[in-house]
Amino acid sequence: MNSFIQELRWRGMLQDMTPDLEEHLSKGMASAYLGFDPTADSLHIGHLVGVMTLLHFQRSGHQPVALVGGATGMIGDPSFKSAERNLLDKLTLDHNVACIQKQLAKFLDFSGQQPNKASLVNNYDWMSQFTFLDFIREVGKHITVNYMMSKDSVKRRLEDGNGLSFTEFSYQLIQGYDFYYLWKNKNCSIQLGGSDQWGNIVTGTELIRRMDGGSAFALTVPLITKADGTKFGKTEGGSVWLDPEKTSPYAFYQFWLNVSDEDASKYIRIFTVLDQATIERLEKDHAEAPHQRVLQKEIAKEVTTMVHSKVEYEMALKASEILFGKSSTEDLASLDERTFLAVFDGVPQVQLTQEIYATIENVLDLVSEKTNYTLFSSKGEARKMILGGGVSINKEKVDDPQGKINYTLLQGKYLLVQKGKKNYAIVAVTA
RNA sequence: GGGGGAAUACCAAAGCGGCCAACUGGGACGGACUGUAAAUCCGUUGACUUAUGUCUUCACAGGUUCGAAUCCUGUUUCCCCCA
């Protein structure tokens, strides 16, 4: 029962905790919550750390509670943010909350009869009834402004000179009250969160102590960093989302596959539930043959399977092999149309009628003008790329811009145009 | 309000009458090598059916000149100094 802390510790997921938490957990099943801000209609992989924390908590036999901040989302957490945040309207927020709830349900076990099944709450449910007057009388009375101002997250904003509105300043009190509410009504004695949440969480434990003399606990997980100093979870395309509509399972898989060696050991501990022995074995394999990238492959497999599905993972794997492996025109031709389209999901597609296709005189026109400059912004660029050996059609290098078009259409209708290694476009020739 | 300076391609930054589609660095993209990596090396980076060719570019609008990113005038924006 006490393995939760140890589990987090060896996984490098323990930043900080209140001193007597370990003892508290050893007494039997406990309940902990972690909040998610509904700032978008999908979670992204930055949220995954929190999700994994709850998951480990549940696996250790405790009861996880996921809180979606329908109320706090209306305010915006100022912690370590440099500027005042824009408020989201209620409609957007409702939508976001609903979407996030659905995603969370994939990770935690909300079903079944076991006593430690997960539950989901929305702080809008209790905050919306609370009048301002009641709130400042019942809650605000217990916490001093001095206390609130001494928080690092708030102090930074004051020192910057950017200031923060009263609205944002109140945030920690509302979050603190959430904790109190859950502690009081759901017997939830622990709050988990990212290290930037420490201040807010502790306001909660303080509130519980002052209002009811109760004791509650805090635990934070470290912020995920990347060895090269860039922000974790971002690609050129923006955040990596869990929603397959926003980030395709293929792109998602690729993100993990491209994790650097330095980060791989860290990530496999945090984002997969593989046990210590397995991970250490994989690390050994990786050290022996780094070019095999067993760690990255394993992370990508585990996380993609967990977030999407085994089928999606296999599809992504197959797509990756075709896109990056030594595949040939034959390999492409061997795919059936459905698989082909799935592999190239998200790749820009250009429709061309049979008549137009027949009139195209050379490769240069085909890849530039006739396909609306999808892959190249000008003929000059296309020509230079071709001469530089950077263009392939159906996986075969094109070397002459003036070359005639005599390619076999894949599945009778597609041409795969490729610029460099990672940029593709599909030309679909229709009747 | 007064005085001074600056505006150049994605960014930084040279050029200060013809040799300028504009040095150089970064970035981006491509190639080789590799592990779909890092490092390294090479190429491309205004447009045009590649051309010792044409066209459009150096904040904007005019002007001087055979010729202007470069000189002049006005406009706009930004920075600095003094009130």
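Chain letters run A, B, ... following the sequence lines, proteins first, then strands; residues in each count from 1.
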J.: Given 3.5 Å as the limit, does a donor-acceptor pair link the side chain of A:Asn258 with the main chain of A:Gln254, or not?
T.: yes
J.: With a 6.0 Å cut-off on ring centres, are A:Phe271 and A:Trp256 close enough?
T.: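 Yes; A:Trp256 has its ring centre under 6.0 Å from that of A:Phe271.
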J.: Quick one: stems for RNA chain B, with Watson-Crick or G-U pairs under 3.5 Å, at least three in a row?
T.: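 Stems (3+ consecutive pairs) listed as B:1-7 with B:76-82, B:10-12 with B:24-26, B:27-32 with B:40-45, B:46-48 with B:53-55, B:59-63 with B:71-75.
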J.: Spell out, as yes or no, whether a donor-acceptor pair under 3.5 Å connects the side chain of A:Thr329 to the backbone of A:Asn394.
T.: yes
J.: Below 4.0 angstrom from OP1 or OP2 of B:rA37, is there any side-chain N or O of A:Lys422?
T.: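 Looking at the OP1 and OP2 atoms of B:rA37, one of them is under 4.0 Å from a side-chain N or O of A:Lys422.
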J.: Holding to side chain to side chain contact (heavy atoms under 4.5 Å, CB included), I want the full list of residues that pass it with A:Lys90, two or more places apart in sequence or in another chain.
T.: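 A:Lys90 satisfies side chain to side chain contact (heavy atoms under 4.5 Å, CB included) with A:Met74, A:Asp94, A:Tyr124 only.
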J.: Take the protein atom OH of A:Tyr373 and the nucleotide atom P of B:rU49, then report the distance between them rounded to whole Å.
T.: 7 Å
J.: Could you tell me the separation between the CZ atom of A:Phe324 and the C1' atom of B:rA37, rounded to a whole number of Å?
T.: 12 Å
J.: Please list, in numerical order, the residues of residues 349-368 of chain A that have a heavy atom closer than 4.0 Å to any atom of RNA chain B.
T.: none
J.: By the salt bridge (Lys or Arg N to Asp or Glu O under 4.0 Å) test, which pairs, at least two apart or in different chains, include something from residues 300-310 of chain A?
T.: A:Lys310-A:Glu314
J.: What pairs meet the salt bridge (Lys or Arg N to Asp or Glu O under 4.0 Å) rule with one or both residues in residues 97-110 of chain A, with sequence neighbours excluded?
T.: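 Every candidate salt bridge (Lys or Arg N to Asp or Glu O under 4.0 Å) pair involving residues 97-110 of chain A fails, so no pair, neighbours aside, qualifies.
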J.: Scan residues 289-316 of chain A against RNA chain B and write down, sorted by residue number, each residue with any heavy atom closer than 4.0 Å; if none is found, say none.
T.: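 Those residues are A:Pro290, A:His291, A:Arg293, A:Gln296.
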J.: Suppose you measure atom P in B:rC42 against the same atom in B:rG26; what distance do you get, rounded to whole Å?
T.: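 Straight-line distance between the two P atoms is 11 Å.
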J.: Between the side chains of A:Asp331 and A:Lys395, is the shortest nitrogen-to-carboxylate-oxygen separation below 4.0 Å, so that they form an ion pair?
T.: no
J.: Name every residue in residues 257-266 of chain A that has at least one heavy atom under 4.0 Å from any atom of RNA chain B, in order of residue number, or write none if there are no such residues.
T.: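 Residues of residues 257-266 of chain A under 4.0 Å from RNA chain B: A:Leu257, A:Asn258, A:Asp261.
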J.: With a 3.5 Å cut-off and heavy atoms only, can you find an N or O donor on one side and an acceptor on the other between the side chain of A:Lys421 and the base of B:rU34?
T.: yes
J.: Report the residues that fulfil side chain to side chain contact (heavy atoms under 4.5 Å, CB included) with A:Thr92, sequence neighbours left out, ordered by chain and then residue number.
T.: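 Here the qualifying residues are A:Asp89, A:Asn96.
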J.: Hey, which sits more toward the 5' end of RNA chain B by its nearest nucleotide, A:Gln254 or A:Lys397?
T.: A:Lys397
J.: Would A:Ile279 and A:Arg269 count as a side-chain contact (heavy atoms from CB on, under 4.5 Å) here? Give the steps.
T.: CA-CA 7 Å; A:Ile279 288 176; A:Arg269 287 173 159 74; 3.8 Å; yes
J.: Quick one: on RNA chain B, does A:His286 or A:Ser377 contact a more 5' nucleotide (nearest heavy atom)?
T.: A:His286
J.: When you measure from every atom of RNA chain B, which of residues 379-386 of chain A have a heavy atom less than 4.0 Å away?
T.: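 Only A:Lys379, A:Gly380, A:Arg383, A:Lys384, A:Met385 qualify.
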J.: Specify the separation, in whole Å, of atom CD of A:Gln418 and atom P of B:rC29.
T.: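 Distance check: A:Gln418 CD to B:rC29 P gives 15 Å.
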J.: So, are A:Lys404 and A:Glu361 salt-bridged, with charged N and O less than 4.0 Å apart?
T.: no
J.: Quick one: ring-ring contact (aromatic ring centres under 6.0 Å, His included) pairs with a partner in residues 408-431 of chain A, sequence neighbours left out?
T.: A:Phe340-A:Tyr414, A:Phe344-A:Tyr424
J.: With P as the reference atom in both, quote the distance from B:rA37 to B:rG31 in angstrom, rounded to an integer.
T.: 11 Å
J.: Using the P atom as the point on both nucleotides, what is the distance between B:rA61 and B:rA68, in whole Å?
T.: 16 Å
J.: What is the distance, to the nearest angstrom, from the CD atom on A:Gln402 to the C1' atom on B:rC48?
T.: 13 Å
J.: In whole Å, what is the span from the CZ atom of A:Phe376 to the P atom of B:rU49?
T.: 15 Å
J.: When the P atoms of B:rC23 and B:rG46 are considered, how many whole Å apart are they?
T.: 9 Å
J.: Please check if the distance between the ring centroids of A:Phe252 and A:His308 is under 6.0 Å.
T.: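 Yes, close enough.
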J.: Start with the C-alpha gap between A:Leu387 and A:Arg383, add the side-chain angles, then the distance that decides, and say whether side-chain contact (heavy atoms from CB on, under 4.5 Å) holds.
T.: CA-CA 6 Å; A:Leu387 293 175; A:Arg383 182 181 300 110; 4.0 Å; yes
J.: How far does the C1' atom of B:rA7 sit from the matching atom of B:rA12, given to the nearest Å?
T.: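 Taking atom C1' in both B:rA7 and B:rA12, they lie 14 Å apart.
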J.: Can you tell me, in whole Å, how much space there is between the C1' of B:rC20 and that of B:rA9?
T.: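 Result for the C1' pair: 13 Å, nearest Å.
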J.: Taking atom P in both B:rA6 and B:rA21, what distance in whole Å separates the two?
T.: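 Comparing P positions in B:rA6 and B:rA21 gives a spacing of 25 Å.
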J.: Among residues at least two apart in sequence or on other chains, which ones pass side chain to side chain contact (heavy atoms under 4.5 Å, CB included) with A:Ser170?
T.: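 Partners of A:Ser170 under the side chain to side chain contact (heavy atoms under 4.5 Å, CB included) test: A:Phe166.
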J.: If a pair satisfies salt bridge (Lys or Arg N to Asp or Glu O under 4.0 Å) and one of its residues is in residues 368-377 of chain A, list it, with sequence neighbours excluded.
T.: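 Qualifying pairs, neighbours excluded: A:Glu369-A:Lys379.
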J.: When the P atoms of B:rA14 and B:rA59 are compared, how many Å lie between them, rounded to an integer?
T.: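 Roughly 14 Å separates the two P atoms.
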J.: Would a line drawn from the ring center of A:Phe57 to the ring center of A:Tyr33 be shorter than 6.0 Å?
T.: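 No - the distance between ring centres of A:Phe57 and A:Tyr33 does not fall below the 6.0 Å cut-off.
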J.: Look at A:Glu168 together with A:Arg157 and state whether they make a salt bridge at an N to O cut-off of under 4.0 Å.
T.: yes
